[in-house]
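Since the structure comes first, as structure tokens, the remarks are kept for the end.
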Amino acid sequence: VQLQASGGGLVQAGGSLKLSCAASASGRTFSSYIMGWFRQAPGKERDFVAAITWTSTPDYADSVRGRFTISRDNNKNTVSLQMNSLTPEDTAVYYCAADTSATYIYVDHRNTLKFDSWGQGTLVTVSS
């Protein structure tokens, strides 16, 4: 599956951005995917941000819980990440990812290795 992320940009601290990721999958297939967002700051590893299961159950990294909201629209084959109360520490390239295995098991999905498809990344820069 091909993933196309969008919505990044420059925002001041305390502001908001909404990222979107479109998948080139059929609606029935997309609904079975576990979708995730990861981010990578310069010189750092790619870190888990959020994921959403086939039942739309979300999971968040501690650093973003309460500020970010992940959602999906299976009719449009999209997953979104609403980011509020942004801080300079949120500055990174954000990647959407898909686990297309359709095993309907959510285990250890904070690990990049659980996802088999990746988008190209979209840059989010938060100025202080």
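Here the structure is a predicted model, which is why all the values come from computation and not from measurement.
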When rounded to the nearest 0.5 angstrom, what distance separates [atom1] in [X] from [atom2] in [Y]?
X      : Y      : atom1 : atom2 : value
Ile105 : Ile34  : CD1   : CD1   : 8.5 Å
Gln40  : Glu45  : CD    : CD    : 8.5 Å
Leu10  : Thr125 : CG    : OG1   : 6.0 Å

Is the shortest side-chain heavy-atom distance between [X] and [Y] below 4.5 Å?
X      : Y      : value
Thr112 : Trp118 : yes
Ser31  : Trp54  : no
Tyr106 : Ile52  : no
Cys21  : Val79  : yes

If I compare all heavy atoms of [X] with all of [Y], which pair ends up nearest, and what's the gap?
X      : Y      : value
Asn111 : Leu113 : OD1-N, 2.8 Å
Leu19  : Gly8   : CD2-N, 3.6 Å
Thr53  : Arg72  : O-NH1, 2.9 Å
Val1   : Ala23  : CG2-CB, 4.0 Å
Ala5   : Thr122 : CB-CG2, 4.3 Å
Ala41  : Ala92  : N-CB, 3.8 Å

Indicate if [X] and [Y] have the same hydrophobic cluster label, given that clusters are the connected sets of ILVMFWY residues with side-chain heavy-atom separations under 4.5 angstrom.
X      : Y     : value
Val49  : Met35 : yes
Tyr33  : Phe38 : no
Phe115 : Val64 : no
Leu3   : Val93 : no
Leu81  : Phe48 : no

Taking [Y]'s backbone N and O only, do any of them form a donor-acceptor pair with [X]'s side chain (distance below 3.5 Å, no angle check)?
X      : Y      : value
Gln120 : Gln4   : no
Thr91  : Val126 : yes
Asp90  : Val124 : no
Ser24  : Gln2   : yes

**Request:** Let me see the working for Leu86 and Phe68 under side-chain contact (heavy atoms from CB on, under 4.5 Å), right down to the final yes or no.
**Result:** CA-CA 9 Å; Leu86 286 162; Phe68 291 11; 3.8 Å; yes
**Check: Trp37 ring centre within less than 6.0 Å of Tyr94 ring centre** = no
**Message:** Apply side-chain contact (heavy atoms from CB on, under 4.5 Å) to residues Ser71 and Gln82 and explain how you reach the verdict.
**Reply:** CA-CA 8 Å; Ser71 61; Gln82 176 67 46; over 6 Å; no
**Message:** Let's go through Lys76 and Ser20 carefully: what are the C-alpha distance in whole Å and the side-chain angles of both, what is the deciding distance for side-chain contact (heavy atoms from CB on, under 4.5 Å) to 0.1 Å, and is it a yes or a no?
**Reply:** CA-CA 11 Å; Lys76 296 181 179 179; Ser20 295; over 6 Å; no
**Message:** Looking only at the side chains, is there a donor atom on one of Asp59 and His109 sitting less than 3.5 Å from an acceptor on the other?
**Reply:** no
**Prompt:** Taking the six-membered ring of Tyr60, is NZ or CZ of Arg67 closer than 6.0 Å to its centre and within 45° of its axis?
**Reply:** no
